[in-house]
Amino acid sequence: MTMNKVLELYDLMAQGYEGLKFGTNQARVYGEILEFIKDCKSPEEVAEKLRGSKYYLAPGTALIKDQITALQKAAEENGNLKLAQVYEEKLNRIAEDEQNAYVADYDAKVKSAETEYYNRRSGFVAAYNGYLEFLIAAEKEKAEKAEEFSKLRKAFCAIAGDMEALETTPHLKDLIFATEEGYKAFCETMRSGTLPHEAQLDLRMDNVQDAATVWKQVKKNKKTITDIGKEAIEKTKRVACIAVPPKEEEGEYVFSNRMEEGY
């Protein structure tokens, strides 16, 4: 590789990352390296100069910072504020000392925040499904379904805490099938713990029978669905990347920083 090609490479790297939403740190680093090596006479001199400088590990550190920044933004947008705080703390530690980018000191915190977030969401869906099952239950099953809902509600309250903020908690409503009026009614029931009377049911949820029919089919075919999922997982490997949506309706997504696990 000639010296011109080396300079061209770093210039392309700087320009490429500059155009990405989560490539700021990498664009800056590659731009600085380009300036740092521009007087070198050969690729060998570039390698030697970088080896003895702060830029030797800089691209890797910049990649980590951009990835954590993207993860922090995703956590915020998904309403997982505790996880976003973990990522922010990690970025602050890296700002204090860039060697902290290579210290696995926050993995346990990330896992804890993700588990809490998952439990809150799954507990919410379980409570809502219990609520639906009570609404559509035959009269002889009402007492049993009411007791089941009460247990699910208590389990969710133990995870989520304050029910007063339930209606405005980001993204929870997106997890379920409900109209605005139906969701408000459900939140009211979650706050009070009091299930609606029979005469109120039609006012509580539009399309409740449709939702209940779908849910019954899912439960009936649970093993089949699970088996299909297990079979698909064996043929799949996870890939993590940053995906930036297009500004135009017919535009294309931009993917960067792709990482995939081996089989």
Side-chain angles (χ1 to χ4, degrees), residues 10 12-33 54-125 156 158-162 164-176 236-249 251-262:
Y10 280 102
L12 288 172
M13 296 288 278
Q15 290 184 42
Y17 284 112
E18 190 174 358
L20 298 177
K21 185 176 181 180
F22 296 107
T24 306
N25 290 292
Q26 291 171 93
R28 175 184 53 78
V29 164
Y30 283 114
E32 289 179 3
I33 291 176
K54 66 178 183 179
Y55 293 116
Y56 188 58
L57 296 177
T61 304
L63 169 61
I64 292 171
K65 290 166 70 175
D66 283 338
Q67 289 174 335
I68 295 176
T69 300
L71 291 170
Q72 180 191 19
K73 181 65 174 177
E76 289 176 350
E77 291 181 352
N78 286 317
N80 193 346
L81 301 184
K82 185 172 182 179
L83 180 58
Q85 180 63 37
V86 172
Y87 289 131
E88 183 178 354
E89 290 174 359
K90 180 64 175 180
L91 288 171
N92 290 338
R93 289 207 63 200
I94 295 174
E96 294 171 1
D97 184 350
E98 293 202 338
Q99 290 300 315
N100 287 328
Y102 303 96
V103 178
D105 58 345
Y106 77 130
D107 292 355
K109 292 181 179 179
V110 168
K111 185 175 182 180
S112 174
E114 288 178 337
T115 300
E116 182 180 318
Y117 179 70
Y118 170 78
N119 288 342
R120 183 168 65 250
R121 289 162 68 90
S122 60
F124 175 81
V125 172
F156 177 71
I159 298 169
D162 184 16
E164 293 302 317
L166 182 61
E167 208 167 312
T168 57
T169 301
H171 303 291
L172 285 182
K173 184 179 182 299
D174 297 336
L175 300 174
I176 62 173
T236 306
K237 60 179 178 180
R238 294 183 300 175
V239 175
C241 65
I242 295 172
V244 181
K247 294 181 180 179
E248 300 80 20
E249 185 175 346
E252 296 183 354
Y253 278 76
V254 175
F255 300 95
S256 64
N257 295 352
R258 177 187 174 97
M259 296 182 297
E260 62 181 59
E261 64 179 5

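- The closest donor-acceptor contact from the side chain of Ser112 to the backbone of Ala108 lies at 3.5 Å or more, if one exists at all.
- Test Asn100, Leu71, Val86, Ile68 against Leu91 for side-chain contact (heavy atoms from CB on, under 4.5 Å) and you get one pass: Ile68.
- The minimum heavy-atom distance linking Gly60 with Tyr102 is given by the pair C-OH, 3.5 Å.
- Among residue pairs with one or both ends in residues 82-92, those qualifying as salt bridge (charged side-chain N to carboxylate O under 4.0 Å, His left out) are Lys82-Glu116, Glu89-Lys109, Lys90-Asp105; sequence neighbours excluded.
- Considering every non-hydrogen atom in both Ala14 and Gly31, the closest pair reads CB-N, 3.7 Å.
- The shortest heavy-atom contact between Ile64 and Ala101 is CD1-O, 3.7 Å.
- Closest non-hydrogen pair, Asn80 versus Ala113, comes out as ND2-O, 3.8 Å.
- For the atom pair NZ (Lys73) and CG (Asn78), the distance works out to 11.0 Å, reported to the nearest 0.5 Å.
- Of all non-hydrogen atoms in Ala84 and Ala75, the two that sit nearest each other are N-CB, 3.7 Å.
- Under the rule for a ring-ring contact (aromatic ring centres under 6.0 Å, His included), the partners of Phe156 that lie at least two apart in sequence or sit in another chain are Phe124.
- What you find for Tyr30 and Pro59 is that their closest heavy atoms are OH-CB, 3.5 Å.
- Sorted by first then second residue, the salt bridge (charged side-chain N to carboxylate O under 4.0 Å, His left out) pairs that include residues 18-28, not counting sequence neighbours, are Arg28-Glu32.
- Rounding to the nearest 0.5 Å places OH of Tyr56 at 12.0 Å from CD1 of Ile33.
- The main-chain N or O of Ile159 is never found under 3.5 Å from a side-chain atom of Asn119 such that the two would form a donor-acceptor pair.
- Using cut-offs of 30° and 60° for the angle between ring planes, the Tyr87 and Tyr106 rings count as perpendicular.
- Atoms NZ and OG1, from Lys54 and Thr61 in turn, are 12.0 Å apart once rounded to the nearest 0.5 Å.
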